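Working notes for the structure below.
Computed from a predicted structure; not experimentally measured.
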Amino acid sequence: MRGRSRIAPFRAALRFARRDAWAAKGRSALIIAMVAIPVAGLSGVALVGLSMVPTADETIAAALGQADARINIVSSPDPSMIQSPSRPDWYQVDLDSSGVPVNSQPDGALVDPATLVSADSTLIALRSADVTIETATGITGMPAVEGETWNAGFEPKYVLLDGRAPEANDEILVTAAALDRLGVRIGDGATLLDPERSVTVVGVQDAAEFPDSQPVVFGRLGAFTGDTEQRVSQDDFYLFGHVLDWPAVQQLNQSGAVVLSRSVLLKPPPAGSYQLQTSTELQGVATTVVTLTAAGVAFAVLEVVLLAGAAFTVGARQQQRMLATVASVGGHRRTLFHIVTASGLVLGFAGGIVGAAIGVLAGSLFMAITGDGSAVQYWGYHLSIPILVGIALFAMVIGWIAALLPAWRASRMDVLAALRGARRAQTVRHTGRRWIGLSIIVAGVAMTAGGALAGAASFAAPGKIGNSSLYQLSIMLVLAGPVLAQVGALLVAPRILAVVAALVARLGMGARLAARDSVRNRSRSLPVLAAIMTTVFLGTMLLAFFGGADESNRATYERWNAEGQIMVDLNGWTDENTQVIYPIAPEVTRMLRAQFGAEKISVLSGVRPASPGVTDTSPKPLLALRPEVRCELVSGSNPAGACDAPFWLFSNGTEPQIWTGTVDDLALILDKKVSADAQRALRAGGAVSLYSEYVQDDGTIQIEWMSASTSIGANQEATPLSTTTIDAVVQEPAHPIHFSVFMLESTATAHGLEPVTYRVLASLSAPIKDADYGQLWGSLRSLTGGTDLLARYEAGPGSTIGTAGWALVAVAALVAFGAAAVALGLARVDGRRDDVTLSAVGAHPGLRRSVAFWQAVLLTGTGAVLGGILGLLGPTMLGLVGLLPFAPPWPQVALLVLGLPVIIAVGSWLMTRPAYFDERLQRTLA
């Protein structure tokens with residue numbers, strides 16, 4: 001009986017909540033919508049995210065087919081090697097302090113995998129390759145796979161859809177996309193290049209790991225590479241008829257093999273039973289995902305609590321006579337509290353159900369639209385019912401939290417006043433709360449500044465984190481500081497609103513009424529301000545971080561040549577690791593004109609630098625930097641370290657430092673007109689340096705002749721065999737590019753330099769598309785007989801703030817519009833009596849529109865400005881300490897902070913309908 005007596009009041013509260021939700025359909029729908037929006041986002045992300053994570057069976061199907069294991073030989077035998085059970089590419093061996101393996105030799109013999117498995121098992125080798133092939137639209141390159149992919153044991157990894165298996169090296173299989181690209185049918189011929197030969201398409205095959213749009217060709221082992229022998233270092237070996245458990249995999253590790261095993265995937269070893277160091281890369285990705293997810297969830301919870309809390313406040317006020325009646329017949333304050341919080345549970349759960357359904361539908365639609373047919377993009381349809389139930393229950397908790405404060409206020413109402421229908425005017429109370437808010441703001445700013453300083457202190461050198469724990473702490477402080485400051489801003493918001501309202505009140509009758517209403521009715525004003533502030537805060541902060549990252553990317557981006565240009569180097573490497581210059585400049589020139597419509601083309605000659613290890617011992621030229629130019633190399637993610645010049649100036653590779661040609665060639669390199677000083681220097685037998693770091697104090701460049709076997713690293717000094725000086729001037733390009741010094745060919749030969757035709761440089765009228773690169777590589781391989789050349793189109797640094805920035809503004813605007821609609825709608829519902837009163841005293845209908853307009857300007861404008869200022873707090877602090885450039889995209893920020901309130905205010909003016917004096921007035925005043 002006691003248990004029933006405790007449950008009975010709660011059951012009664014749930015009945016009250018259900019009936020009230022059904023009676024106030026409009027208000028209930030708003031609350032359900034606010035809860036459903038973030039729940040839909042979480043549900044959709046959960047569905048899509050989980051579908052991108054494979055199960056063991058899906059991994060086996062896409063990676064192994066029906067094979068028992070895949071074996072790759074990655075090193076000579078090493079007893080210390082250990083791998084991840086599910087990710088064989090993640091393995092480690094014992095290393096010394098220099099990073100050299102302790103128990104194996106880099107050039108040691110590799111073990112034949114056939115000796116590692118039982119004799120009655122089957123090993124099938126597959127090899128990845130590239131082919132150059134003639135298509136219906138020209139020459140192009142395609143990925144290829146050699147080996148018995150048509151073997152039934154590989155299904156469903158590879159499935160022969162039509163035709164038959166190749167019986168000779170002049171027969172191939174293709175994917176459906178390749179069949180369309182080649183413009184042939186089964187039984188037709190095609191032409192492979194490098195070397196040129198004819199093949200017959202005998203079937204169509206599907207490959208699980210490739211998208212449906214990817215053209216791929218398949219053939220017997222050696223059909224494309226010409227090597228019919230299995231190569232331990234190149235091939236993947238698929239094992240059939242022999243199960244490899246975890247102990248067997250560990251034994252194979254000691255032989256230098258890593259293994260993806262069906263048995264291990266289905267029955268992995270217990271965590272902690274193997275000693276594999278944690279991958280810092282995986283840790284970083286996991287930390288980022290967790291941080292962003294937590295931030296998104298926290299933002300969603302805050303937004304819902306603010307708006308739903310305001311709705312519950314309005315509902316509790318409209319229910320006050322009913323609640324007072326319950327109290328007058330003996331209901332305890334606890335009962336009143338339960339009635340209001342039960343509304344939170346009911347509407348929160350309803351919002352969770354609706355949001356989960358919308359999220360699943362949206363996620364399913366997204367996967368259907370974006371799916372490319374690859375089995376490794378979306379491994380399956382992973383709809384997790386437990387997670388969806390958890391999200392729905394989480395939504396119910398959010399609704400309950402949003403109803404706590406209104407319930408606490410409702411439980412402390414004046415019962416007699418509520419029964420009389422009295423409405424006590426709200427007044428602005430000058431308490432110490434604003435001083436608490438100011439203190440919290442100061443603490444938030446200090447926390448953000450401390451986080452920025454800690455982040456700067458965590459770096460041992462530019463680009464190298466010395467203290468990862470301190471760095472992680474700094475990230476949390478930089479993110480948490482502005483959030484804390486935002487809490488303080490909410491506490492001082494009434495005072496800020498009062499000050500702004502005093503200024504707005506001078507702009508007319510509508511503005512004055514709106515200002516007075518906003519200040520006196522804080523319970524319906526502050527949720528609007530808070531909702532807009534949190535939305536603009538998050539949007540502005542992300543925009544500023546994106547802008548800083550974009551600026552940092554632009555500042556550190558290395559351009560090989562001017563933007564909009566393509567370069568093709570004519571040097572390649574043979575199988576014997578010998579550098580060869582191919583005399584194909586005219587053919588490359590014609591190809592660039594024909595395929596890409598190149599406008600300006602130059603064939604440049606370069607002076608080949610010293611190449612360590614070559615047999616040629618004759619002196620080779622090396623440009624000398626100014627003595628004070630230094631670069632302190634460090635290990636880690638940033639090998640450049642602290643350099644006072646572009647890092648590639650310190651790296652002496654195989655690319656020429658000295659280039660020759662005509663004045664027009666130099667103009668193309670610079671992508672602008674050659675200056676008069678540079679032209680005079682060239683005609684006088686001098687040189688033009690694109691970097692001042694090469695020009696000495698006496699106005700010359702120094703060419704130091706070094707032995708070909710001498711390896712000169714950054715800041716290393718070596719005595720040159722001789723030195724040549726040439727008068728030089730400096731003309732810098734718009735951006736740093738990989739060209740050093742330019743001179744006429746006659747000047748070079750006069751100083752003993754021997755330039756060779758090395759590069760074709762062309763200016764294109766339009767960017768190269770991804771689909772064009774296959775045609776480019778195929779054409780170049782056809783000219784070199786199969787050797788790949790370095791070809792690079794310079795598109796410039798990609799922008800992370802262009803499309804992404806406007807997309808972020810659009811998302812923030814949608815959230816803000818929804819939040820403003822809900823909050824302003826609730827304010828209008830709560831202020832309905834005031835509207836009717838204005839109509840009763842003869843106010844013009846346009847006055848109510850004016851009041852609505854200025855009320856939206858006041859509340860959303862104040863919230864947007866506060867949110868914008870706090871959103872820029874973290875990026876500003878990081879910019880002050882030099883961790884991230886302070887470069888917010890001001891057009892997007894201005895639209896979010898200033899334009900958004902204006903748009904909302906105009907919408908509020910358009911949507912406001914004045915309440916006319918009629919019989920509804922009696923019901924409203926009753």
Side-chain angles (χ1 to χ4, degrees), residues 126-151 154-228 371-377 587-588 590-592 594-597 768-789 791:
L126 299 184
R127 181 183 304 159
S128 298
D130 293 295
V131 299
T132 306
I133 191 168
E134 288 187 356
T135 70
T137 58
I139 298 174
T140 189
M142 291 184 185
V145 181
E146 294 182 341
E148 297 180 25
T149 54
W150 49 87
N151 189 303
F154 281 113
E155 295 181 0
K157 176 179 175 64
Y158 298 114
V159 179
L160 184 61
L161 301 177
D162 195 7
R164 61 174 177 83
E167 298 176 353
N169 281 353
D170 61 353
E171 295 180 342
I172 63 172
L173 300 175
V174 298
T175 59
L179 199 68
D180 294 338
R181 184 73 178 273
L182 294 173
V184 298
R185 295 178 296 180
I186 296 177
D188 291 346
T191 301
L192 295 178
L193 305 176
D194 312 331
E196 183 174 344
R197 59 203 185 278
S198 297
V199 294
T200 302
V201 178
V202 297
V204 177
Q205 184 164 264
D206 180 61
E209 70 265 31
F210 291 106
D212 291 341
S213 60
Q214 176 67 58
V216 188
V217 297
F218 307 87
R220 295 166 60 90
L221 195 66
F224 311 119
T225 61
D227 188 356
T228 59
D372 59 8
S374 169
V376 299
Q377 182 192 22
E587 291 82 356
V588 173
R590 287 193 294 270
M591 181 267 292
L592 292 178
Q595 293 186 7
F596 304 108
I768 293 182
K769 300 178 181 178
D770 291 340
D772 296 330
Y773 275 101
Q775 186 178 10
L776 172 62
W777 300 126
S779 298
L780 292 176
R781 281 197 293 266
S782 68
L783 295 175
T784 62
T787 303
D788 287 323
L789 300 181

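- Here CG of Asp206 is found 6.5 Å from CG of Asp212. Values are rounded to the nearest 0.5 Å.
- Leu783 has its side chain within reach of Val588: a pair of non-hydrogen atoms, C-beta onward, lies under 4.5 Å apart.
- Residues Val131 and Arg781 form no side-chain contact, since every pair of their non-hydrogen atoms from C-beta on lies 4.5 Å or further apart.
- Not one N or O on the side chain of Arg181 forms a donor-acceptor pair closer than 3.5 Å with the backbone of Ala136.
- Between Val199 and Val217, every side-chain heavy-atom pair lies at or beyond the 4.5 Å cut-off.
- When all heavy atoms of Arg197 and Ala223 are compared, the closest pair comes out as NH2-O, 3.2 Å.
- Of all the heavy atoms in Ala178 and Met142, the pair that sits closest is CB-SD, 4.2 Å.
- Residue Asp162 holds its CG atom at 10.5 Å from CG of Leu173, rounded to the nearest 0.5 Å.
- If you take CD on Glu196 and CD on Glu134, they are separated by 6.0 Å, rounding to the nearest 0.5 Å.
- Between the Thr149 side chain and the Val145 main chain, no donor and acceptor come within less than 3.5 Å of each other.
- Counting all heavy atoms, side chain and backbone alike, Ile133 lies closest to Thr191 at CG1-O, 3.3 Å.
- Between Thr175 and Leu179, every side-chain heavy-atom pair lies at or beyond the 4.5 Å cut-off.
- Side chain of Ser374 to main chain of Glu209: a donor-acceptor pair is present (N/O by atom type, distance under 3.5 Å, no hydrogens or angles).
- When every heavy atom of Gly219 is checked against every heavy atom of Phe224, the shortest pair comes out as N-CE1, 3.5 Å.
- A distance-only check finds a donor-acceptor pair linking the side chain of Gln377 to the backbone of Asp372 [under 3.5 Å].
- Thr225 and Glu146 form a side-chain donor-acceptor contact under 3.5 Å, judged by distance and modelled atom types alone.
- Look at Glu167 and Arg220 and you find no salt bridge, because none of the NZ, NE, NH1 or NH2 atoms lies under 4.0 Å from a carboxylate O.
- Side-chain atoms of Tyr158 and Glu148 form no donor-acceptor pair, as typed in the model, at a separation below 3.5 Å.
- Donor-acceptor pairing under 3.5 Å is recorded for the side chains of Ser779 and Gln595.
- Interatomic distance, Thr228 OG1 to Arg127 CZ, rounded to the nearest 0.5 Å: 8.5 Å.
- In this structure, Asp180 CG and Thr135 OG1 are separated by 12.0 Å, a value rounded to the nearest 0.5 Å.
- With rounding to the nearest 0.5 Å, the separation of CD1 in Ile172 from OG1 in Thr200 is 8.5 Å.
- Of the possible donor and acceptor atoms, none in the side chain of Gln214 sits under 3.5 Å from a partner among the backbone N and O of Phe210.
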